[in-house]
2 protein chains.
Amino acid sequence: MKPETRKDEIINTAAKLFKEKGYSAVTMRDLATAMGMKAASLYNHINSKQDLLKAIIISIAEEFTNGMTTIINSEMSNISKLKRVVTLHVDITANNTNGMASLNNDWMHLEDQLEYYLQLRDDYENNFLQIIKEGILASEIKQSNPEVIMFSMLSTLRSLYLWIPKKEDLNANDLAQSLSEVLIDGINT
Amino acid sequence: MKPETRKDEIINTAAKLFKEKGYSAVTMRDLATAMGMKAASLYNHINSKQDLLKAIIISIAEEFTNGMTTIINSEMSNISKLKRVVTLHVDITANNTNGMASLNNDWMHLEDQLEYYLQLRDDYENNFLQIIKEGILASEIKQSNPEVIMFSMLSTLRSLYLWIPKKEDLNANDLAQSLSEVLIDGINT
DNA sequence: TAATTAAACTAACGCTTGTTAGTTTGGTCA
DNA sequence: TGACCAAACTAACAAGCGTTAGTTTAATTA
């Protein structure tokens, strides 16, 4: 654990405020107040408001991409891969709930990085769908509309950021386990 | 079908813009441009930007409340009630996807009506949870964490506004049917 | 002690925001 | 024709926005 720099503190505080009110509704003066300083002082550490959003969203998006790549390239059943996807979401979300809120709700306010973000998201969803389709072909998964299955799973996983902070008693492993039961074993053959 | 008033047109256009960029990022000048007029002219028809948000969100929230009340008071199995809840979401969302986006993402920008909205949402979730708990007691539903089940279902249903516009080929009945299979029959005994 | 540096500050900028006031336009009806 | 009215307009406002420039403070290092 390397110590948190002042810049990191600002990014994390920004993520918390973005979660509460959304990127556009948070002003640099709001952020400064939350940090106990004046707005102008923020610029000793950061370049712009837009850079904060980029720092929050892109790093998480790349975590998902890397995790998915590992899963896709692994040798296991498609059901096991889906369980790994559930764990991936639970783990990333549990350790950055505020950032996940920005990723879900404020990605459209990315400017320079918008195209890159959309590319990552698109690839991710295609990989996800591929696992489901192969699972159906291999008779591991019920013969049902693959896009409906992905939509349902992904909706739930993307909403985790809202739920995990309210249920601190559940640890990440237990939660991933419960979710897998509801989401995956439910669609199992 | 009563004819759409100019005010209704403005509200619907606002909902569309709010869906794309969020309430805070949409300016009255954006809205005016989309309507083909000047910002000041909007105020011949509406009172304030805030009133637009209220008009969009509260009416939908009350639709959900009314629908849930009917379901709760009906005489049917708990599984059937859950299927009715799925249909309720599909129907309301299918016929106002833009408004659903605001309800999901911009409710926190309600001012005077925030408390009322939160009350409706809280009651709705309590009723939802109650159906699941009674379904478990009656052995209609797997013995699993009721809150995880609700969270999973509700996450999916709340994300419908994103998905329905992309799948116009599916009609509401087919979609509700597919979703019920994935969401409910999956957790059936 | 003197020099350096990270991190705060004050003051201000040009621009955008939601909104108000008063005016003009063009169609409807007595 | 003349009165009326819905619905647009122009012009402007005070407040708030992100950001820059230059300065002060207090602790660390040479």
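A note on names: the letters A, B, ... follow the listed sequences, proteins ahead of strands, and every chain is numbered from 1.
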**Q** Would you kindly say whether B/Glu63 and B/Asn96 are connected by a side-chain donor-acceptor distance under 3.5 Å?
**A**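 Judged by distance alone, the side chains do not pair up.
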**Q** Taking a hydrophobic cluster as the set of Ile, Leu, Val, Met, Phe, Trp and Tyr residues connected by side-chain heavy atoms closer than 4.5 Å, whether directly or through intermediates, do A/Leu137 and A/Leu82 fall within one such cluster?
**A** no
**Q** Testing the 3.5 Å rule here: is there a donor-acceptor pair between the side chains of B/Asp8 and B/Thr5?
**A**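 Side chains of B/Asp8 and B/Thr5: pair found under 3.5 Å.
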**Q** Taking 4.0 angstrom as the limit, do A/Glu147 and B/Lys167 come out as a salt bridge?
**A**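 Yes.
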**Q** How far does CD of B/Gln130 sit from CD of B/Glu134, to the nearest 0.5 angstrom?
**A**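 B/Gln130 atom CD to B/Glu134 atom CD measures 4.5 Å (nearest 0.5 Å).
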**Q** Nearest-Å distance, CE (A/Met37) to P (C/dA6)?
**A** 15 Å
**Q** Just to be sure I understand the geometry, which residues of residues 26-36 of chain A put a non-hydrogen atom under 4.0 Å away from DNA chain C?
**A**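 DNA chain C contact set from residues 26-36 of chain A: A/Arg29.
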**Q** Compare side-chain N and O positions of A/His45 against OP1 and OP2 of C/dA6 and report whether any pair is under 4.0 Å apart.
**A**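 Indeed not, no polar side-chain atom of A/His45 lies that close.
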**Q** Between A/Tyr23 and A/Asn44, which has a closest nucleotide on DNA chain D that is more 5'?
**A**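 Result: A/Tyr23.
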**Q** Filter on ring-ring contact (aromatic ring centres under 6.0 Å, His included), then keep only pairs touching residues 46-84 of chain B, sequence neighbours left out; what's left?
**A** B/Phe64-B/His89, B/Phe64-B/Tyr124
**Q** Can you check side chain to side chain donor-acceptor pair (under 3.5 Å) on A/Asp123 and A/Gln119, steps first, answer last?
**A** CA-CA 6 Å; A/Asp123 292 347; A/Gln119 180 68 58; 3.1 Å; yes
**Q** Check whether any side-chain nitrogen or oxygen of A/Lys38 sits under 4.0 Å from OP1 or OP2 of C/dA8, and answer yes or no.
**A**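 Checking C/dA8 against A/Lys38, no side-chain N or O comes under 4.0 Å of OP1 or OP2.
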**Q** Ring of B/Tyr117, cation from B/Lys54 - is the NZ or CZ under 6.0 Å from the centre and inside 45° of the axis?
**A** no
**Q** Please identify the 5'-most and 3'-most nucleotides of DNA chain D with any atom under 4.0 angstrom from a heavy atom of chain B.
**A**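 Counting from the 5' end, contacts occupy D/dA7 to D/dA12.
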